[in-house]
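Before any comments, here is the structure.
The first residue of the sequence shown is numbered 1, and numbering continues consecutively from there.
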Amino acid sequence: ILKTFFRRVDVLNLNSLPREGPVIVIGNHANQFVDAMNLIATCPRSISFLIAKKSYDRRIIGDAAKMIGAVPVLRPQDVAFKATGKIIRFEVDEESGTCWAIGEGTTFTTSKKGEYNVKKGGKLRAIKGWEGDLVIAADPESDTKLQMQPFKQGTPSVPEGGCEYKILPKIDQKKVFGEVNRLLANNGTVGMFPEGGSHDQGHLLPLKAGVTIMALGSAAEGTPVLLVPVGLVYFHAHRFRSKAVVQYGEPFPCPPRLVEKYKEDSRGACGELLEIITNKLRDVTVNTPDYKTNKIYETVRRLYQPDQIKQLSGKEYMGYSKKFTVGFERIKETEAAKKLMEEISEYLEMLKTMKIKDKELRLVYRARKEYGSEFMVSMFGYAHLLRCLLTMPLSFPGLFLNTPIMALSRRYALKQQVRALAASKVKVGAYDVVASERGFRADILSIYIVCVAVAAEWAIKDEKGGFYGCLKWGIPLLVFLFLPYFSYYSILLFDVWYFSWKKFRACWRRNNKDFKRMAERRVELQGVVRKFVEMRIKEKTFVG
């Protein structure tokens, strides 16, 4: 499945993973079910994942989760319920510092959904109002006044007329913690994504404390558990035939000091370990504030990249990306950095307006340097046109077979994307659900088509014996065995056709007025970027 969806998956530092003993594998969560699939495919150990009970109860996905021994976790957001009334304001007692939520028409003491009600440890979430979830500090004693934990970012503002809200109930996870401790005590491997839910933010979300409770709880019982951070980095995670990098970090134990502290002050110990885990995950991931900034950093990286390097390996990509994201985050408020980012932003806007890609400009620039003359660059382009013409008839039958599957799965995935975006407060475009849903539906449709093809062959009645009688058995068997391989290899042929066409198209467009103008601008910017980065390396702002 992964080989079909991704054109390339690079696995880095796999040797750091312990081959025995209890291990917790911790990953960032940028691509829904695909994240778990990448860990299963690359990790030599059998992993028991923590999975949302909402997903665990789904058909097929849940069946697969049960087969690999996943542990279901009921999340507060999955049983959240809209409560009566509105929150009209928040108050802070100046003397005691106690924080309160004041309601109108609310029934804090009696609001409930099934077995879940309003109590200490639960959260308030605005439907349209303040940002973030607010933690309830004590069980309600009044229907219109609810004590809250101190507000971390000032007193939340409430729209005029009040704000409708949801209750995220406190969930007792003792059963889950017990099951994890049992797996680790038996030298098992537990996989989890401590961000809590999948997202497409481009950076780590605040981690949930559950991973620290499990790690420190097991360590306190004498289990020598090791934690292994894993970075899952995607080049356009939602796109078919994109690339990915899976980077394993160095394993580390729970510090003995925190294990002892956990016995007396569990909250403090968990907080300190959570900070360590966050930093370890940052070391194996690429974190940018938003999509636009990420686009700028990627362009700077491409402009700085040595001309002789045709394509970066996964290790080189991670090295360059970490250098630029970490380096720019340190100096982004300086005048020099602001000026460079403005120039890159303008350059990207011009490319977008002219419908030209930076990769096309780089391809033509490299071809000119390598071949030395315009005639040879033309020959380079025509050679790729010839490859297109040769591979087209070979890839067309598979394209005919796969196009309905891809179209239907894409249509379904886009519907799920809209639903996921409406239901989430952390997703930017809900692109993280697209790959999982497309792959999930495409697999079902592919199996269905194979079965239909076999059934169609089987339905052909042939009363003749001998060779013709054997065909009735043989053809369905051959279809069942070889149709998936035919489909897969036709996709590989389509890759050859597609990328050859892109190279020919870039060479064909190189004499276009706009293309020439942007090519000249790219050369200018390349000089500016390289000079800027070399200066920062000398200043030790960037790691050289």
Exercise. Do you know the tightest heavy-atom contact between Gly197 and Arg75?
Worked result: CA-NH1, 4.0 Å
For this session: Indicate yes or no for a side-chain donor-acceptor contact from Asn294 to the backbone of Thr288 under 3.5 Å, with no hydrogens or angles considered.
Result: no
Seminar exercise, completed: To the nearest 0.5 Å, atom SG of Cys99 lies from atom CZ of Phe90 at 10.0 Å
Exercise. Would the number of heavy atoms belonging to other residues, nucleotides or ligands and lying under 6.0 Å from NZ of Lys208 be above 12?
Worked result: no
Exercise. Does the side chain of Ile276 come within less than 4.5 Å of Phe252's, by heavy atoms?
Worked result: yes
Exercise. If you look at every heavy atom in Gly129 and Cys163, which pair is closest and at what distance?
Worked result: CA-SG, 3.8 Å
Exercise. Would you call His29 and Pro194 a side-chain contact if the rule is heavy atoms closer than 4.5 Å?
Worked result: no
Exercise. Which of these passes side chain to side chain contact (heavy atoms under 4.5 Å, CB included) with Leu351: Ile356, Asp514, Thr299?
Worked result: Ile356
Exercise. Is atom CE of Met379 surrounded by more than 12 heavy atoms (other residues, nucleotides or ligands) closer than 6.0 Å?
Worked result: yes
For this session: Could you name each residue pair satisfying ring-ring contact (aromatic ring centres under 6.0 Å, His included) that touches residues 351-370, not counting sequence neighbours?
Result: none
Exercise. Taking the six-membered ring where the residue is Trp, are the ring centres of Phe328 and Phe532 under 6.0 Å apart?
Worked result: yes
Problem set entry | Asn13 side-chain N/O to Gln247 backbone N/O, donor-acceptor pair under 3.5 Å | no
Exercise. Would you say the side-chain atoms of Glu534 and Tyr304 include a donor-acceptor pair closer than 3.5 Å?
Worked result: yes
Problem set entry | Asn31 side-chain N/O to Val34 backbone N/O, donor-acceptor pair under 3.5 Å | no
Exercise. Taking the six-membered ring for Trp, are Phe5 and Phe240 parallel (under 30°), tilted (30 to 60°) or perpendicular (over 60°)?
Worked result: perpendicular
Problem set entry | CG on Asp283 to CE on Met318, rounded to 0.5 Å | 10.0 Å
Problem set entry | Trace of the side chain to side chain contact (heavy atoms under 4.5 Å, CB included) decision for Ser55 with Gln32 | CA-CA 10 Å; Ser55 300; Gln32 209 182 36; over 6 Å; no
Exercise. Can you find a heavy atom in the side chain of Arg522 that is under 4.5 Å from one in the side chain of Tyr347?
Worked result: yes
Exercise. Got a donor-acceptor contact below 3.5 angstrom from the Thr353 side chain to the Glu349 backbone?
Worked result: yes
For this session: Apply the test salt bridge (charged side-chain N to carboxylate O under 4.0 Å, His left out) to residues Arg241 and Asp495: give CA-CA distance (whole Å), side-chain angles for both, the deciding distance (0.1 Å), then the verdict.
Result: CA-CA 8 Å; Arg241 304 302 289 165; Asp495 276 354; 2.6 Å; yes
For this session: Check the pair Lys516, Asn511 against side chain to side chain contact (heavy atoms under 4.5 Å, CB included), reporting the backbone distance first and the verdict last.
Result: CA-CA 6 Å; Lys516 281 184 175 181; Asn511 293 320; 3.9 Å; yes
Problem set entry | Arg302/Asp358 ion pair, N-O < 4.0 Å | yes
Exercise. Do the side chains of Tyr234 and Asp35 get nearer than 4.5 Å, heavy atoms only?
Worked result: yes
Problem set entry | Pairwise side-chain contact, Arg387 with Trp501, heavy-atom cut-off 4.5 Å (strictly under) | no
Exercise. Can you name the nearest heavy-atom pair linking Arg530 to Gln305, along with the distance?
Worked result: NH2-O, 3.0 Å
Exercise. Counting only heavy atoms not in Tyr291, do more than 12 sit closer than 6.0 Å to its OH atom?
Worked result: no
Exercise. Does the Lys503 side chain pair with the main chain of Glu360, one donor and one acceptor, at a distance under 3.5 Å?
Worked result: no
Exercise. Just how far is it from atom CG of Leu227 to atom CE of Met192, taken to the nearest 0.5 Å?
Worked result: 8.5 Å
Exercise. What distance separates Leu134 CG from Tyr165 OH, expressed to the nearest 0.5 Å?
Worked result: 12.5 Å
Problem set entry | Over 12 foreign heavy atoms within 6.0 Å of OH, Tyr488 | yes
Exercise. Side-chain contact, heavy-atom cut-off 4.5 Å: Ile213 with Cys270?
Worked result: yes
Problem set entry | Residues Tyr248, Cys43; criterion side chain to side chain contact (heavy atoms under 4.5 Å, CB included); working and verdict | CA-CA 9 Å; Tyr248 286 80; Cys43 181; 3.4 Å; yes
Problem set entry | Side-chain (Arg510) to main-chain (Leu361) donor-acceptor, under 3.5 angstrom | no
Exercise. If you measure from CG on Leu281 to CG on Leu207, what distance do you get to the nearest 0.5 Å?
Worked result: 6.0 Å
Problem set entry | Sidechain N-carboxylate O distance under 4.0 Å for Glu524, Arg521 | yes
Problem set entry | Residue Lys54 excluded, over 12 heavy atoms near NZ under 6.0 Å | no
Problem set entry | Sole residue of Phe504, Tyr371, Trp508 in ring-ring contact (aromatic ring centres under 6.0 Å, His included) with Phe380 | Tyr371
For this session: Evaluate the side-chain proximity of Ser395 to Val496: yes if any heavy-atom separation is below 4.5 Å, no if none is.
Result: no
For this session: Taking the side chain as every heavy atom from C-beta outward, state whether Leu17 and Arg19 have any pair of such atoms under 4.5 Å apart.
Result: yes
For this session: Give a yes or no on whether Arg267 atom CZ has more than 12 heavy-atom contacts from other residues, nucleotides or ligands under 6.0 Å away.
Result: no
Exercise. Ion pair present between Lys332 and Glu329, side-chain N to carboxylate O less than 4.0 angstrom?
Worked result: yes
Exercise. Minimum heavy-atom separation for Ala215 to Leu273, with atom names?
Worked result: CB-CD2, 4.2 Å
For this session: Using a strict cut-off of less than 4.0 Å between a Lys/Arg side-chain nitrogen and an Asp/Glu carboxylate oxygen, indicate whether Glu374 and Arg368 qualify as a salt bridge.
Result: yes
Exercise. Between Asn28 and Val230, which heavy-atom pair has the shortest distance, and what is it?
Worked result: OD1-O, 3.4 Å
Problem set entry | Whether over 12 other heavy atoms sit under 6.0 Å from Phe235 CZ | yes
Problem set entry | For Leu363 against Ala506, the heavy-atom pair lying closest together | CD2-CB, 3.8 Å
Exercise. For Cys507, does its backbone N or O pair with a side-chain atom of Arg509 as donor and acceptor, under 3.5 Å?
Worked result: no
Exercise. What do you reckon, is NZ of Lys322 surrounded by more than 12 foreign heavy atoms closer than 6.0 Å?
Worked result: yes
Exercise. If you round to the nearest 0.5 Å, how far is CG of Leu390 from CG of Leu493?
Worked result: 11.0 Å
For this session: Using modelled atom types only, decide if a donor and an acceptor are shared between the side chain of Glu195 and the backbone of Leu205 within a distance under 3.5 Å.
Result: yes
Exercise. Does one side chain, of Arg301 or Thr325, offer a donor that lies under 3.5 Å from an acceptor on the other?
Worked result: no
Exercise. For Trp497 and Leu394, what are the C-alpha separation, side-chain angles and deciding distance, and is it a side chain to side chain contact (heavy atoms under 4.5 Å, CB included)?
Worked result: CA-CA 10 Å; Trp497 177 87; Leu394 295 173; over 6 Å; no
